[in-house]
Undergrad: 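What follows is a single structure, and I will ask about it in a moment.
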Amino acid sequence: MSEEKSLNFIEEIIEEDLNNGKHTSIVTRFPPEPNGYLHIGHATSICLNFGLTNKYPGYTNLRFDDTNPVTEETEYVESIKADIQWLGFKWKNELYASDYFPQLYEYAVKLIKLGLAYVDDSTSEEIAAMKGTPTEAGTNSPYRNRSEEENLQLFAQMKEGVFPDGSKTLRAKIDMAHVNMLMRDPILYRIKHAHHHRTGDAWCIYPMYDFAHGQSDSIENVTHSICTLEFVPHRELYDWLIKKLEIYPSRQYEFARRNLTYTVMSKRKLLQLVNEKFVEGWDDPRMPTISGFRRRGYTPESIREFCDRVGIAKRDNVIDVGLLEFCVREHLNKIASRRMVVFDPLKVVITNYEEGKVEMMQSENNPEEETITYRDVPFSRELYIEKEDFMENPPKKFFRLAPGQMVRLKSAYIIKCDEVVKDEAGNITEVRCSYLPESRSGSNTSGVSVKGTLHWVSVQHAVPAEVRLYDRLFKVEDLGEAEGDFKDYINTGSLQVVEHAYAEPALRTAKFDERYQFLRKGYFCLDKDSNEEVMVFNRTVTLKDAWAKEQKKN
RNA sequence: UGGCCAAUGGUGUAAUGGUAACACAGCAGAUUUUGGUUCUGUUAUUCUUGGUUCGAGUCCAGGUUGGCCAACCA
């Protein structure tokens, strides 16, 4: 039963390279810049790069593209490593572009000697002005024809720290009239007297992306350098540098980056959400970051499954966040322990149940288990049910509690509502019911069958808990299409806190790495904000709710 | 008014010149001690105009639409 799964276009290229003998094994790399936390879009790239070398002979390196000391920090390096490991992938080598600074410097010297690079004294504005536009050629810099000796000396002085920031750059000498703007004498090195998170103050000149990335790939013998579509125009320069430097010819391939509905997917915007306190931090459970999803209760399996289902292609896309939710529900349904928690309590008194009596009911931990295991749930005369599970004047097809109506209490008895108690203001304060003694779960001889089953918690055994309910961070589906500032579309109701929920006693021993399904409520996990005094649960995702959908129609 | 990339149901991805398929979403139903799960059925797709071919989603040409390119960011 080996159904051929079709290959994506990158796998096709690799199989061809392997089949025709161009390569016998492959090397890929995941090259994050440590200037922010990884998001779900990066997960696609991680799954692709590491997945390829799981499937084909070869290995994947983790290489930090740390060529801009101004925005990069060790905190980000650590978070990135943790996120990749959590996703379940292992890199062969942990590398840094900054490790190659000496080599890169030599490459630059080589270009100067080849007459293919020069030191330019122009200002940033002057360079921009001479750059031309996509439809007009640029003009040559007045410094373009400096002698090799002068260039060598100037570049050495740049490195020595003789010149202030921004006063000089090293540029490739290509063609100011090139139709590809990136080939119009691109800047290779700039001066930044800035402290680097790894090299400290050893350098005051730093290579640009284009002069670091391809060369780093080449140094590592990366065979297939996979990046996103916006780097397509860079490929020409990537190839040019490799050719002129006569170094290992890594090849770049581009795929379309991932977009998700109801969220933003750029580190710049995510950083803004963090800095301007729209969320608690990078790992806020509403964030589309890996750490956010982790804290929210998503599993690595579900994220990998999502990436797998979405696939790899070259066209712009906006993926329905519903697919991600489907993937996490699918996994959590299999592994989550079922528990009962009442969010918004309504007291039920079972008038014909003996006062002070407590029965231990057996309730299955997970009906999906191959061998079902059970936990004890205490049952007594006074219970809490969900306020929304009772209606005094119910509509048709309301299979819950209502005057004269019967329901089953999950894993316990069938009860019938006899009386509604109200306060002076007319609010329902209590519902008085009678139970069918012969309807006990597992030994039901009552002959009564009911449509509805409710979750419940015994009042005297209830454990208090805080529950945090999350909704989408933005109000519009496609932020790319939305006009104006993306922050105008923030969903201010994306976090709803239930401060006083009532949980069954089994949750008292809830563990951080365990996933729970609160019956009829959704999937939850213990949050790191929990302490001795209060347990905090995050809602990972709701259950599908056919009743809510039915009601929406009316 | 340049160059490059892309265009298949609502969304995403297949079909590699030979019956347009799969998943999610939607809709209808069955089962259910979770209005969950599971199961069944079902709606809906090749941007456009030409050309090549016995045959085109696929190849070619023109057009249209969308994206990317003028940071000392990556």
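We name chains A, B, ... by the order of the sequence lines, and we start the count at 1 in each one. Being a predicted model, the structure only gives us computed values, none of them experimental.
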Undergrad: Between B/C5, B/A74, B/A25, which nucleotide has the shortest distance from any of its atoms to the side chain of A/K314?
TA: B/C5
Undergrad: Using the rule side chain to side chain donor-acceptor pair (under 3.5 Å), only one of A/N365, A/T373, A/T371 pairs with A/E369; which is it?
TA: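 By the side chain to side chain donor-acceptor pair (under 3.5 Å) criterion, A/E369 pairs with just one of A/N365, A/T373, A/T371: A/T373.
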Undergrad: Kindly say if A/K549 contacts the phosphate of B/G26, meaning a side-chain N or O under 4.0 Å from OP1 or OP2.
TA: yes
Undergrad: Is the backbone N or O of A/L260 less than 3.5 Å from a side-chain atom of A/T263, with the two atoms forming a donor-acceptor pair by type?
TA: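 No: the side chain of A/T263 does not pair with the backbone of A/L260.
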Undergrad: Is there, by distance only and without an angle test, a donor paired with an acceptor across the side chain of A/S411 and the base of B/U33 below 3.5 Å?
TA: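 Per atom types, no contact qualifies.
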Undergrad: Counting side-chain heavy atoms from C-beta on, which of B/A70, B/U33, B/G35 comes nearest to A/F399?
TA: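 Of the options given, the side chain of A/F399 lies nearest B/G35.
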Undergrad: What's the closest nucleotide to the A/V179 side chain, out of B/G36, B/A74, B/G3?
TA: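 From the listed options, B/G3 comes nearest.
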Undergrad: What orientation do A/Y209 and A/H234 show, parallel under 30°, tilted 30 to 60°, or perpendicular over 60°?
TA: perpendicular
Undergrad: Could you check whether the side chain of A/R520 and the base of B/U34 have a donor-acceptor pair of N or O atoms closer than 3.5 Å, going by distance alone?
TA: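 Such a pair does not exist between side chain and base.
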Undergrad: Over all strands shown, is A/Y206 touching base, sugar-phosphate only, or nothing at heavy-atom distances under 4.0 angstrom?
TA: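 Nothing, no nucleic acid heavy atom in range.
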Undergrad: What is the nucleic acid contact for A/M208, judged by heavy atoms within less than 4.0 Å: base, sugar-phosphate only, or nothing?
TA: sugar-phosphate
Undergrad: Using a 4.0 Å heavy-atom cut-off across all strands, classify A/T135 as base, sugar-phosphate, or nothing.
TA: base
Undergrad: Find out whether the Lys NZ or Arg CZ of A/K410 is both under 6.0 angstrom from the six-membered ring centre of A/W456 and within 45° of the ring's axis.
TA: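 Verdict for A/W456: no cation-pi partner in A/K410.
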Undergrad: Could you let me know what B/C27 is paired to, Watson-Crick or G-U wobble, both distances under 3.5 Å, or none if it's on its own?
TA: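 B/G41 - that is the nucleotide pairing with B/C27, both distances being under 3.5 Å.
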Undergrad: A/Q551 has an atom CD; how far is it from atom C1' of B/G35, in whole Å?
TA: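 That distance rounds to 10 Å.
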Undergrad: Is the shortest side-chain N/O distance from A/K552 to OP1 or OP2 of B/G35 below 4.0 Å?
TA: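 A/K552 to B/G35 OP1/OP2: no side-chain N or O under 4.0 Å.
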Undergrad: Could you check which of B/G12, B/G36, B/U11 has an atom nearest any side-chain atom of A/V310?
TA: B/G12
Undergrad: Heavy atoms under 4.0 Å, any strand shown: does A/S167 hit a base, just sugar-phosphate, or nothing?
TA: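 No contact.
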Undergrad: Would you call A/R146-A/D121 a salt bridge at under 4.0 Å N-O?
TA: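 Yes, A/R146 and A/D121 are salt-bridged.
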Undergrad: Please check the phosphate of B/U34 (OP1 and OP2 only) for any side-chain N or O of A/K544 closer than 4.0 Å.
TA: no
Undergrad: Report which part of the nucleic acid A/L519 touches: base, sugar-phosphate, or nothing (heavy-atom distance under 4.0 Å, all strands).
TA: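 Base, at least one base atom sits under 4.0 Å.
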Undergrad: Could you state the CG-P distance from A/L229 to B/G67, rounded to the nearest angstrom?
TA: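 A/L229 atom CG is separated from B/G67 atom P by 13 Å.
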Undergrad: Any donor-acceptor pair under 3.5 Å between the side chain of A/E236 and the base of B/G3?
TA: no
Undergrad: Counting the atoms with a prime plus P, OP1 and OP2 as sugar-phosphate, which does A/I414 contact under 4.0 Å by heavy atoms, base, sugar-phosphate, or nothing?
TA: nothing
Undergrad: Does A/S124 put a side-chain nitrogen or oxygen below 4.0 Å from OP1 or OP2 of B/C72?
TA: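 So the side chain of A/S124 is within the cut-off, an N or O lying under 4.0 Å from OP1 or OP2 of B/C72.
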Undergrad: Classify the nucleic acid contact of A/E368 as base, sugar-phosphate or nothing, counting any heavy atom under 4.0 Å across all strands shown.
TA: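 Base, at least one base heavy atom under 4.0 Å.
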Undergrad: Mind checking if A/G442 touches a base, just sugar-phosphate, or nothing, with heavy atoms under 4.0 Å?
TA: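 Since a base atom lies under 4.0 Å of A/G442, the category is base.
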Undergrad: B/U34, B/A70, B/A74: which one has an atom nearest the side-chain heavy atoms of A/D65?
TA: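 Ranking B/U34, B/A70, B/A74 by closest atom to the A/D65 side chain puts B/A74 first.
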Undergrad: Is the shortest side-chain N/O distance from A/R235 to OP1 or OP2 of B/C68 below 4.0 Å?
TA: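 No.
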Undergrad: Under 4.0 Å between any heavy atoms, over every strand shown, what does A/P367 touch: base, sugar-phosphate, or nothing? Just pick one.
TA: base
Undergrad: Which residue, A/V341, A/L332, A/L469, forms the side chain to side chain contact (heavy atoms under 4.5 Å, CB included) with A/F524?
TA: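 The passing option is A/L469.
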Undergrad: With respect to the side chain of A/P233, which nucleotide from B/C68, B/G35, B/U37 is positioned closest?
TA: B/C68
Undergrad: Could you please name the option among B/U13, B/C4, B/C73 that lies closest to any side-chain atom of A/N317?
TA: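 Looking only at heavy atoms from C-beta outward on A/N317, the closest nucleotide is B/U13.
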Undergrad: For the base of B/G35 and the side-chain ring of A/W547, does the geometry meet a stacking cutoff of under 5.5 Å between centres and under 30° between planes?
TA: yes
Undergrad: Using a heavy-atom cut-off of under 4.0 Å over every strand shown, decide if A/F398 touches base, sugar-phosphate, or nothing.
TA: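 A/F398: base contact, heavy atoms under 4.0 Å.
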Undergrad: Could you tell me how far apart A/E136 (CD) and B/C69 (P) are, to the nearest whole angstrom?
TA: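 Taking CD of A/E136 and P of B/C69, I get 18 Å after rounding.
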Undergrad: State, with a plain yes or no, whether a side-chain heavy atom of A/Y523 is found less than 4.5 Å away from one of A/R515.
TA: no
Undergrad: Using atom C1' in both nucleotides, what's the gap between B/U31 and B/G12 to the nearest angstrom?
TA: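 Approximately 31 Å lies between the C1' atom of B/U31 and that of B/G12.
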Undergrad: Between B/A14, B/U34, B/C69, which one does the side chain of A/P134 approach most closely?
TA: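 The nucleotide sitting nearest to the side chain is B/C69.
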Undergrad: Both distances below 3.5 Å, Watson-Crick or wobble geometry, any strand: find the nucleotide opposite B/U65.
TA: B/A6
Undergrad: Hey, does the side-chain of A/R400 have a donor or acceptor N/O within less than 3.5 Å of a partner on the base of B/G35?
TA: yes
Undergrad: Salt-bridged, A/K55 to A/E11, with N to O below 4.0 Å?
TA: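 Yes, A/K55 and A/E11 are salt-bridged.
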Undergrad: Which nucleotide, B/G35, B/U33, B/C72, lies nearest any side-chain atom of A/T169?
TA: B/C72
Undergrad: What contact category does A/R309 fall into here, base, sugar-phosphate, or nothing, at under 4.0 angstrom with non-hydrogen atoms?
TA: sugar-phosphate
Undergrad: Mind checking if A/K192 touches a base, just sugar-phosphate, or nothing, with heavy atoms under 4.0 Å?
TA: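 Touches sugar-phosphate only.
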Undergrad: For a quick check of understanding: with a heavy-atom distance under 4.0 Å over all strands, which category does A/E325 fall into, base, sugar-phosphate or nothing?
TA: nothing
Undergrad: Using the six-membered ring of A/F343, assess whether NZ or CZ of A/K521 lies under 6.0 Å from its centre and within 45 degrees of the ring axis.
TA: yes
Undergrad: Taking only side-chain nitrogens and oxygens of A/T67, does any of them come within less than 4.0 Å of OP1 or OP2 of B/A74?
TA: yes
Undergrad: Under 3.5 Å, is there an N or O donor on one side and an acceptor on the other linking the side chain of A/R338 and the base of B/U34?
TA: yes
Undergrad: In this structure, how many angstroms lie between the C1' atom of B/A74 and the CD1 atom of A/I226, rounded?
TA: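 Distance, rounded to whole Å: 18 Å.
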Undergrad: Taking atom C1' of B/A7 as reference, at what distance in whole Å does atom CG of A/D316 sit?
TA: 10 Å
Undergrad: With the 90 degree cut-off around zero defining syn, does B/A14 come out syn or anti?
TA: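 What B/A14 shows is an anti base, its glycosidic angle lying more than 90° from 0.
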Undergrad: What's A/F326 touching, base or sugar-phosphate or nothing? Going by heavy atoms closer than 4.0 Å.
TA: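 If one applies the 4.0 Å heavy-atom cut-off, A/F326 turns out to touch the sugar-phosphate alone, with no base involved.
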